[in-house]
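Notes follow the structure.
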Amino acid sequence: AKNRGRNNYQFFTAELNAKAFETLATEAALRKALEHQEFVLHYQAQVDVANSRITGAEALVRWQHPKLGLIGPDKFIPVAEERGLINRIGDWVLHAACRQAKAWEDAGHLQLPVAVNISARQLREGTLRDSVLGALAASGLDPHLLVLEITETAVMEDMDTAVAVLEDLCKLGVAIEIDDFGTGYSSLAYLKRLPIHRLKIDRSFVRDVPGTSDDEAIIRAIVSMAHSLKLDVIAEGVETADQAGFLRGLGCPDMQGFWLARPEPPVEFERLLARGDIV
Ligand code: C2E
Ligand code: CA
Ligand code: CA
Ligand code: CA
(Lines give C-alpha, C1' and ligand atoms only; values in the text may rest on other atoms or scores of the structure.)
(Ligands and ions follow the chains in the order given, each with its own letter.)
Protein backbone atom coordinates (compact mmCIF):
# COMPACT_ATOMS: atom_id res chain seq x y z
CA ALA A 1 0.00 0.00 0.00
CA LYS A 2 2.90 2.27 0.87
CA ASN A 3 4.38 1.70 -2.54
CA ARG A 4 1.22 2.50 -4.39
CA GLY A 5 0.88 5.66 -2.34
CA ARG A 6 4.29 6.83 -3.47
CA ASN A 7 3.58 6.05 -7.09
CA ASN A 8 0.37 7.99 -6.91
CA TYR A 9 2.25 10.89 -5.45
CA GLN A 10 4.84 10.82 -8.23
CA PHE A 11 2.12 10.62 -10.81
CA PHE A 12 0.42 13.59 -9.19
CA THR A 13 3.55 15.78 -9.25
CA ALA A 14 4.32 14.78 -12.82
CA GLU A 15 0.86 16.01 -13.77
CA LEU A 16 1.37 19.21 -11.86
CA ASN A 17 4.67 19.83 -13.61
CA ALA A 18 3.10 19.22 -16.98
CA LYS A 19 0.40 21.74 -16.12
CA ALA A 20 2.97 24.31 -14.95
CA PHE A 21 5.00 23.76 -18.09
CA GLU A 22 1.93 24.24 -20.23
CA THR A 23 1.12 27.49 -18.45
CA LEU A 24 4.63 28.83 -19.01
CA ALA A 25 4.58 27.78 -22.65
CA THR A 26 1.27 29.53 -23.11
CA GLU A 27 2.56 32.64 -21.38
CA ALA A 28 5.49 32.93 -23.77
CA ALA A 29 3.20 32.28 -26.72
CA LEU A 30 0.72 34.89 -25.44
CA ARG A 31 3.45 37.53 -25.28
CA LYS A 32 4.29 36.75 -28.88
CA ALA A 33 0.62 36.85 -29.83
CA LEU A 34 0.36 40.37 -28.38
CA GLU A 35 3.41 41.49 -30.34
CA HIS A 36 2.18 39.95 -33.57
CA GLN A 37 -1.45 41.00 -33.12
CA GLU A 38 -2.84 37.50 -33.27
CA PHE A 39 -6.06 38.23 -31.37
CA VAL A 40 -9.38 38.69 -33.11
CA LEU A 41 -12.86 39.55 -31.89
CA HIS A 42 -15.99 37.67 -32.80
CA TYR A 43 -19.40 39.20 -32.17
CA GLN A 44 -22.55 37.57 -30.88
CA ALA A 45 -25.86 39.29 -31.52
CA GLN A 46 -28.04 40.39 -28.63
CA VAL A 47 -31.62 40.21 -29.77
CA ASP A 48 -34.95 41.63 -28.66
CA VAL A 49 -37.19 38.74 -29.77
CA ALA A 50 -40.37 40.76 -29.23
CA ASN A 51 -39.34 43.09 -32.06
CA SER A 52 -37.02 40.67 -33.82
CA ARG A 53 -34.26 43.25 -33.65
CA ILE A 54 -30.54 43.11 -32.96
CA THR A 55 -30.00 45.46 -30.04
CA GLY A 56 -26.30 44.96 -29.42
CA ALA A 57 -23.24 42.78 -29.86
CA GLU A 58 -21.00 41.03 -27.35
CA ALA A 59 -17.34 41.04 -28.32
CA LEU A 60 -15.66 37.68 -27.60
CA VAL A 61 -11.91 37.35 -27.99
CA ARG A 62 -10.20 34.51 -29.90
CA TRP A 63 -6.58 33.77 -30.55
CA GLN A 64 -5.80 33.20 -34.21
CA HIS A 65 -2.75 31.01 -33.72
CA PRO A 66 -0.55 30.65 -36.84
CA LYS A 67 -0.20 26.87 -36.35
CA LEU A 68 -3.00 25.78 -34.03
CA GLY A 69 -5.82 27.78 -35.60
CA LEU A 70 -8.56 29.54 -33.67
CA ILE A 71 -8.23 29.15 -29.89
CA GLY A 72 -11.13 30.00 -27.56
CA PRO A 73 -10.80 32.34 -24.56
CA ASP A 74 -11.28 29.58 -21.97
CA LYS A 75 -7.91 28.20 -23.10
CA PHE A 76 -5.87 31.36 -22.62
CA ILE A 77 -7.72 34.01 -20.58
CA PRO A 78 -7.09 32.15 -17.28
CA VAL A 79 -3.36 31.98 -18.10
CA ALA A 80 -3.35 35.65 -19.08
CA GLU A 81 -5.00 36.51 -15.74
CA GLU A 82 -2.56 34.38 -13.78
CA ARG A 83 0.55 35.69 -15.55
CA GLY A 84 -0.40 39.36 -15.50
CA LEU A 85 -1.09 39.69 -19.22
CA ILE A 86 -4.81 40.29 -18.98
CA ASN A 87 -4.51 44.08 -18.80
CA ARG A 88 -2.66 44.22 -22.11
CA ILE A 89 -5.03 41.80 -23.81
CA GLY A 90 -8.00 43.57 -22.26
CA ASP A 91 -6.72 46.92 -23.48
CA TRP A 92 -6.41 45.53 -27.00
CA VAL A 93 -9.95 44.13 -26.78
CA LEU A 94 -11.37 47.49 -25.65
CA HIS A 95 -9.65 49.35 -28.48
CA ALA A 96 -10.69 46.83 -31.13
CA ALA A 97 -14.31 46.64 -29.95
CA CYS A 98 -14.72 50.44 -29.80
CA ARG A 99 -13.14 50.80 -33.25
CA GLN A 100 -15.58 48.19 -34.60
CA ALA A 101 -18.65 49.77 -33.00
CA LYS A 102 -17.66 53.14 -34.44
CA ALA A 103 -17.15 51.60 -37.88
CA TRP A 104 -20.63 50.06 -37.74
CA GLU A 105 -22.10 53.40 -36.73
CA ASP A 106 -20.27 55.11 -39.60
CA ALA A 107 -21.53 52.43 -41.99
CA GLY A 108 -25.09 53.42 -41.09
CA HIS A 109 -26.03 50.48 -38.89
CA LEU A 110 -27.80 52.79 -36.50
CA GLN A 111 -26.15 52.81 -33.13
CA LEU A 112 -25.23 49.39 -31.96
CA PRO A 113 -23.89 49.11 -28.40
CA VAL A 114 -20.95 46.75 -28.07
CA ALA A 115 -20.39 44.77 -24.87
CA VAL A 116 -16.87 43.95 -23.71
CA ASN A 117 -15.94 41.39 -21.04
CA ILE A 118 -13.79 42.74 -18.23
CA SER A 119 -11.87 40.33 -16.02
CA ALA A 120 -11.63 40.50 -12.25
CA ARG A 121 -7.99 41.47 -12.41
CA GLN A 122 -8.65 44.37 -14.78
CA LEU A 123 -11.19 45.68 -12.31
CA ARG A 124 -8.71 45.37 -9.45
CA GLU A 125 -5.59 46.85 -10.97
CA GLY A 126 -6.55 50.45 -11.42
CA THR A 127 -5.80 50.89 -15.12
CA LEU A 128 -9.28 50.15 -16.42
CA ARG A 129 -10.48 53.74 -16.47
CA ASP A 130 -7.50 54.91 -18.53
CA SER A 131 -7.88 51.93 -20.83
CA VAL A 132 -11.56 52.74 -21.44
CA LEU A 133 -10.85 56.46 -21.90
CA GLY A 134 -8.05 55.63 -24.34
CA ALA A 135 -10.23 53.30 -26.40
CA LEU A 136 -13.08 55.83 -26.55
CA ALA A 137 -10.76 58.66 -27.55
CA ALA A 138 -8.89 56.64 -30.18
CA SER A 139 -12.10 55.40 -31.81
CA GLY A 140 -14.31 58.44 -31.34
CA LEU A 141 -17.07 56.15 -30.09
CA ASP A 142 -19.91 57.64 -28.05
CA PRO A 143 -19.42 56.26 -24.50
CA HIS A 144 -23.11 55.31 -24.37
CA LEU A 145 -22.39 52.68 -27.01
CA LEU A 146 -19.94 50.82 -24.78
CA VAL A 147 -21.14 48.23 -22.26
CA LEU A 148 -18.73 46.69 -19.77
CA GLU A 149 -19.62 43.14 -18.68
CA ILE A 150 -18.33 42.45 -15.18
CA THR A 151 -18.96 39.13 -13.49
CA GLU A 152 -20.73 39.00 -10.19
CA THR A 153 -17.78 37.15 -8.64
CA ALA A 154 -15.33 39.84 -9.79
CA VAL A 155 -17.44 42.48 -8.08
CA MET A 156 -17.72 40.48 -4.87
CA GLU A 157 -13.96 39.93 -4.63
CA ASP A 158 -13.47 43.49 -3.48
CA MET A 159 -16.68 45.39 -3.17
CA ASP A 160 -15.19 48.75 -2.16
CA THR A 161 -12.82 48.83 -5.13
CA ALA A 162 -15.60 47.70 -7.44
CA VAL A 163 -17.93 50.49 -6.28
CA ALA A 164 -15.25 53.15 -6.74
CA VAL A 165 -14.08 51.92 -10.16
CA LEU A 166 -17.58 51.36 -11.53
CA GLU A 167 -18.80 54.76 -10.33
CA ASP A 168 -15.89 56.36 -12.15
CA LEU A 169 -16.65 54.43 -15.33
CA CYS A 170 -20.32 55.23 -15.05
CA LYS A 171 -19.47 58.95 -14.98
CA LEU A 172 -17.77 58.53 -18.33
CA GLY A 173 -21.13 57.48 -19.72
CA VAL A 174 -20.44 53.80 -20.33
CA ALA A 175 -23.00 51.20 -19.25
CA ILE A 176 -22.24 48.52 -16.68
CA GLU A 177 -23.65 45.01 -16.79
CA ILE A 178 -23.37 42.23 -14.23
CA ASP A 179 -22.46 39.08 -16.18
CA ASP A 180 -23.21 35.51 -15.05
CA PHE A 181 -25.77 36.96 -12.67
CA GLY A 182 -27.00 34.55 -10.01
CA THR A 183 -23.86 32.39 -9.84
CA GLY A 184 -21.97 34.41 -7.23
CA TYR A 185 -23.81 33.20 -4.11
CA SER A 186 -23.66 36.78 -2.96
CA SER A 187 -25.82 39.07 -0.97
CA LEU A 188 -28.15 41.03 -3.20
CA ALA A 189 -27.55 44.15 -1.11
CA TYR A 190 -24.60 44.97 -3.36
CA LEU A 191 -26.98 45.78 -6.20
CA LYS A 192 -27.98 48.91 -4.29
CA ARG A 193 -24.39 50.11 -3.99
CA LEU A 194 -23.34 49.66 -7.60
CA PRO A 195 -24.14 51.84 -10.61
CA ILE A 196 -25.48 48.99 -12.75
CA HIS A 197 -27.56 49.20 -15.92
CA ARG A 198 -28.22 45.58 -16.77
CA LEU A 199 -28.18 42.06 -15.36
CA LYS A 200 -27.29 39.10 -17.55
CA ILE A 201 -28.93 35.88 -16.39
CA ASP A 202 -26.33 33.12 -16.44
CA ARG A 203 -26.85 30.35 -18.94
CA SER A 204 -26.81 27.66 -16.24
CA PHE A 205 -30.31 28.82 -15.24
CA VAL A 206 -31.53 28.95 -18.83
CA ARG A 207 -30.34 25.48 -19.82
CA ASP A 208 -33.14 23.41 -18.29
CA VAL A 209 -36.16 25.69 -18.66
CA PRO A 210 -38.98 25.31 -19.25
CA GLY A 211 -39.56 22.20 -17.17
CA THR A 212 -37.25 22.58 -14.17
CA SER A 213 -39.20 24.38 -11.50
CA ASP A 214 -36.20 25.58 -9.46
CA ASP A 215 -34.57 27.22 -12.46
CA GLU A 216 -37.89 28.64 -13.59
CA ALA A 217 -38.36 30.21 -10.15
CA ILE A 218 -34.85 31.66 -10.13
CA ILE A 219 -35.27 33.25 -13.54
CA ARG A 220 -38.67 34.61 -12.61
CA ALA A 221 -37.19 36.15 -9.45
CA ILE A 222 -34.25 37.73 -11.29
CA VAL A 223 -36.48 39.25 -13.98
CA SER A 224 -38.95 40.66 -11.49
CA MET A 225 -36.17 42.04 -9.31
CA ALA A 226 -34.56 43.68 -12.34
CA HIS A 227 -37.90 45.25 -13.23
CA SER A 228 -38.45 46.63 -9.73
CA LEU A 229 -34.90 48.00 -9.54
CA LYS A 230 -35.38 49.53 -13.02
CA LEU A 231 -32.51 47.54 -14.48
CA ASP A 232 -32.41 46.03 -17.93
CA VAL A 233 -32.17 42.26 -18.04
CA ILE A 234 -30.86 39.91 -20.71
CA ALA A 235 -30.54 36.12 -20.75
CA GLU A 236 -27.60 34.21 -22.24
CA GLY A 237 -27.25 30.68 -23.56
CA VAL A 238 -30.63 30.49 -25.29
CA GLU A 239 -30.45 27.40 -27.48
CA THR A 240 -34.09 26.50 -28.16
CA ALA A 241 -37.36 28.11 -29.16
CA ASP A 242 -38.91 26.80 -25.92
CA GLN A 243 -36.32 28.59 -23.80
CA ALA A 244 -36.87 31.78 -25.77
CA GLY A 245 -40.64 31.45 -25.39
CA PHE A 246 -40.34 30.92 -21.66
CA LEU A 247 -38.13 34.00 -21.21
CA ARG A 248 -40.30 36.16 -23.39
CA GLY A 249 -43.39 35.06 -21.47
CA LEU A 250 -41.76 36.24 -18.24
CA GLY A 251 -41.04 39.68 -19.64
CA CYS A 252 -37.45 39.06 -20.67
CA PRO A 253 -37.42 39.47 -24.47
CA ASP A 254 -33.74 40.41 -24.62
CA MET A 255 -31.55 37.40 -25.16
CA GLN A 256 -28.44 35.93 -26.60
CA GLY A 257 -27.66 32.38 -27.66
CA PHE A 258 -26.98 29.85 -30.38
CA TRP A 259 -30.70 29.67 -31.19
CA LEU A 260 -30.47 33.28 -32.38
CA ALA A 261 -26.88 33.64 -33.53
CA ARG A 262 -23.43 32.26 -32.81
CA PRO A 263 -20.43 34.49 -32.23
CA GLU A 264 -19.20 35.42 -35.72
CA PRO A 265 -16.34 37.32 -37.33
CA PRO A 266 -17.29 40.95 -38.12
CA VAL A 267 -18.07 40.25 -41.78
CA GLU A 268 -20.59 37.51 -40.92
CA PHE A 269 -22.06 39.65 -38.18
CA GLU A 270 -22.59 42.45 -40.69
CA ARG A 271 -24.45 40.03 -42.93
CA LEU A 272 -26.76 39.32 -40.00
CA LEU A 273 -27.26 43.05 -39.42
CA ALA A 274 -28.10 43.61 -43.06
CA ARG A 275 -30.59 40.73 -43.10
CA GLY A 276 -32.66 42.29 -40.35
CA ASP A 277 -35.09 39.50 -39.49
CA ILE A 278 -33.53 37.44 -36.75
CA VAL A 279 -36.36 35.34 -35.42
P1 C2E B 1 -19.18 34.72 -21.22
O2 C2E B 1 -18.90 36.16 -21.01
O3 C2E B 1 -20.22 34.09 -20.35
O4 C2E B 1 -19.54 34.58 -22.77
C5 C2E B 1 -20.50 33.73 -23.30
C6 C2E B 1 -19.91 32.44 -23.79
O7 C2E B 1 -20.99 31.55 -24.08
C8 C2E B 1 -19.14 32.57 -25.10
O9 C2E B 1 -18.09 31.60 -25.11
C10 C2E B 1 -20.19 32.21 -26.14
O11 C2E B 1 -19.67 31.70 -27.34
C12 C2E B 1 -20.94 31.13 -25.41
N13 C2E B 1 -22.32 31.00 -25.89
C14 C2E B 1 -23.08 31.93 -26.52
N15 C2E B 1 -24.31 31.45 -26.77
C16 C2E B 1 -24.35 30.20 -26.29
C17 C2E B 1 -25.36 29.17 -26.27
O18 C2E B 1 -26.48 29.33 -26.73
N19 C2E B 1 -25.02 28.00 -25.67
C20 C2E B 1 -23.79 27.78 -25.14
N21 C2E B 1 -23.54 26.58 -24.59
N22 C2E B 1 -22.81 28.72 -25.15
C23 C2E B 1 -23.09 29.92 -25.71
P24 C2E B 1 -16.60 31.99 -25.46
O25 C2E B 1 -16.57 32.96 -26.59
O26 C2E B 1 -15.84 30.72 -25.56
O27 C2E B 1 -16.16 32.78 -24.16
C28 C2E B 1 -16.01 32.13 -22.94
C29 C2E B 1 -15.71 33.09 -21.82
O30 C2E B 1 -14.42 33.71 -22.03
C31 C2E B 1 -16.67 34.26 -21.74
O32 C2E B 1 -17.83 33.83 -21.06
C33 C2E B 1 -15.87 35.26 -20.98
O34 C2E B 1 -15.91 35.00 -19.60
C35 C2E B 1 -14.46 34.99 -21.47
N36 C2E B 1 -14.09 36.00 -22.48
C37 C2E B 1 -14.40 36.05 -23.80
N38 C2E B 1 -13.89 37.15 -24.38
C39 C2E B 1 -13.25 37.83 -23.39
C40 C2E B 1 -12.50 39.07 -23.35
O41 C2E B 1 -12.35 39.80 -24.33
N42 C2E B 1 -11.97 39.42 -22.14
C43 C2E B 1 -12.14 38.65 -21.01
N44 C2E B 1 -11.60 39.06 -19.86
N45 C2E B 1 -12.83 37.50 -21.01
C46 C2E B 1 -13.38 37.09 -22.19
CA1 CA C 1 -20.05 38.00 -21.13
CA1 CA D 1 -21.91 35.18 -19.16
CA1 CA E 1 -20.17 32.65 -18.40
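Counting convention: from 1, in listed order, for ligands and their atoms alike.
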If you measure from each non-hydrogen atom of [X] to ligand 1, which part falls under 4.0 Å: side chain, backbone, both or neither?
X      : answer
Val93  : side chain
Asp179 : side chain
Arg262 : neither
Leu41  : neither
Glu58  : side chain
Pro263 : side chain

Give the atom name of whichever N/O/S atom in Asp179 sits closest to the Ca ion (ligand 2).
OD2
Which single N/O/S atom of Glu58 lies at minimum distance from the Ca ion (ligand 2)?
OE2
Taking Ser204 as the fixed residue, which of Ile218, Asp180, Thr183 is the one that meets the side chain to side chain contact (heavy atoms under 4.5 Å, CB included) rule?
Thr183
Report the residue from Ile150, Ile234, Leu199, Asn117 that forms a side chain to side chain contact (heavy atoms under 4.5 Å, CB included) with Glu177.
Ile234
Would you call [X] and [Y] a salt bridge, taking side-chain N to carboxylate O under 4.0 Å as the test?
X      : Y      : answer
Asp168 : Arg129 : yes
Glu35  : Lys32  : no
Arg31  : Glu27  : yes

Side chains of [X] and [Y], donor plus acceptor under 3.5 Å:
X      : Y     : value
Trp63  : Glu38 : yes
Glu58  : Gln44 : no
Glu125 : Asn87 : yes

For ligand 1, which atoms, with element, lie under 4.0 Å from some heavy atom of [X]?
X      : result
Val238 : 18 (O)
Pro73  : 24 (P), 25 (O), 26 (O), 27 (O), 28 (C), 30 (O), 36 (N), 37 (C)
Gln44  : 14 (C), 15 (N)
Asp180 : 3 (O)
Ser119 : 44 (N)

Quick test of your reading of the structure: of Glu236, Glu239, Gln122, Arg203, whose heavy atom lies closest to atom 12 (C) of ligand 1?
Arg203
Identify which of Asn117, Val116, Ile89 has a heavy atom lying nearest to atom 33 (C) of ligand 1.
Asn117
Hphob cluster co-occupancy, Phe181 + Ile196, side-chain heavy atoms under 4.5 angstrom
yes
If we only consider heavy atoms of [X], is any one of them less than 4.0 Å away from an atom in ligand 1?
X      : value
Gly72  : no
His42  : no
Gly237 : yes

Counting only nitrogen or oxygen atoms and a 3.5 angstrom limit, does Phe258 reach ligand 1?
yes
Whether Arg193 engages the ring of Tyr190 as a cation-pi pair (distance to the six-membered ring centre under 6.0 angstrom, angle to the ring normal within 45°) should be assessed.
no
Give a yes or no on whether His144 atom NE2 has more than 12 heavy-atom contacts from other residues, nucleotides or ligands under 6.0 Å away.
no
Are more than 12 heavy atoms from other residues, nucleotides or ligands located less than 6.0 Å from atom CZ of Arg88?
no
To the nearest 10 degrees, calculate the angle at the Ca ion (ligand 2) involving OD1 of Asn117 and OE1 of Glu149.
90°
